[in-house]
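Some notes on the structure that comes next.
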Amino acid sequence: MAKNYMFSSVRFSDFQKKVYRAVLSIPLGQVRSYSWIAKKAGRPKATRAVGTALKNNPFTILIPCHRVIKTDGSLGGYSGGLRKKRELLDLEKKIISSVKI
DNA sequence: GCGGGCCTTCATT
DNA sequence: AATGAAGGCCCGC
């Protein structure tokens, strides 16, 4: 498994890197599904692995894992608590509408 | 709604 | 290093 050493003290697996990149590309106030991320990471069927990678995410501020939900529309899970996830999404929604006006 | 499949990580040995 | 278990899921029946 290839490792990335661009930051000496922080090492992420290749898969993880792709997942994070995909998640970072999600616009403010929008959401994508786990399968979408998996596809973007080159492993369309690795949906569960995506979940693991996101959970492992060290910086929830930098990586908006709350914008990732299940394909059926339900929230899925969140390591910081589903409540927080809902609140964040709601907040982003409000931000969007405020700015749009 | 339930059961099987897929892929990566983590903990043990 | 190898093996087993678990996890923020998805698809078909």
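Residue numbers begin at 1 in each chain, while the letters A, B, ... track the order of the sequences.
Expressed to the nearest 0.5 Å, how far CZ of A/R86 lies from CD1 of A/I69 amounts to 12.5 Å. From A/T52, atom OG1 reaches atom CG of A/N57 across 12.5 Å, with rounding to the nearest 0.5 Å.
Contacts classified as side-chain hydrogen bond (donor to acceptor under 3.5 Å, both in side chains) and involving residues 68-78 of chain A (residues at least two apart or in different chains) are given here: A/D72-A/S74.
Across all their heavy atoms, A/V68 and A/K85 have their closest contact at O-NZ, 2.8 Å. Minimum heavy-atom separation, A/G29 to A/E92: N-OE1, 3.1 Å. Minimum heavy-atom separation, A/Q16 to A/A53: CG-CB, 4.0 Å. Between A/T60 and A/C65, the shortest heavy-atom distance links the atoms CG2-SG, 4.3 Å. Closest approach of A/A41 to A/F15, counting heavy atoms only: CB-CE1, 4.1 Å. Considering every non-hydrogen atom in both A/P44 and A/T47, the closest pair reads O-CG2, 4.1 Å.
Consecutive Watson-Crick or G-U pairs involving DNA chain B, each under 3.5 Å on both distances, make up stems of three or more pairs at B:1-5 with C:9-13, B:7-13 with C:1-7.
Annotation: proximity of residues 31-40 of chain A to DNA chain C (heavy atom, distance under 4.0 Å) is found for A/Y34, A/S35, numbered in ascending order. Listed by residue number, there are no residues of residues 64-84 of chain A with a heavy-atom contact under 4.0 Å to DNA chain B.
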- [ ] Could you please spell out the steps behind the side chain to side chain contact (heavy atoms under 4.5 Å, CB included) verdict for A/L54 and A/Y34?
- [x] CA-CA 10 Å; A/L54 287 182; A/Y34 289 90; 4.1 Å; yes
TODO: Before giving the answer on side chain to side chain contact (heavy atoms under 4.5 Å, CB included), spell out for A/L75 and A/L89 the whole-Å C-alpha distance, their side-chain angles and the decisive distance to 0.1 Å.
DONE: CA-CA 10 Å; A/L75 283 184; A/L89 286 172; 3.7 Å; yes
Got a list of protein N/O to nucleotides 4-6 of chain B N/O distances below 3.5 Å?
| residue | atom | partner | partner atom | Å |
| --- | --- | --- | --- | --- |
| B/dG5 | O6 | A/R48 | NH1 | 2.7 |
| B/dC6 | N3 | A/R48 | NH1 | 3.4 |
| B/dC6 | N4 | A/R48 | NH1 | 3.1 |

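Atom CG of A/L54 and atom P of B/dT9 are 11 Å apart (whole Å). Atom-to-atom, NZ of A/K17 to P of B/dC7 comes out at 20 Å; the value is rounded to the nearest Å. The distance between atom CZ of A/F15 and atom P of B/dT9, rounded to the nearest whole Å, is 7 Å. Rounded to an integer number of Å, the gap from A/N56 CG to C/dA6 C1' is 14 Å.
Qualifying side-chain contact (heavy atoms from CB on, under 4.5 Å) partners for A/S97, counting only residues two or more places apart in sequence or in other chains: none.
Between A/V19 and A/K40, the closest side-chain pair of non-hydrogen atoms is not below 4.5 Å.
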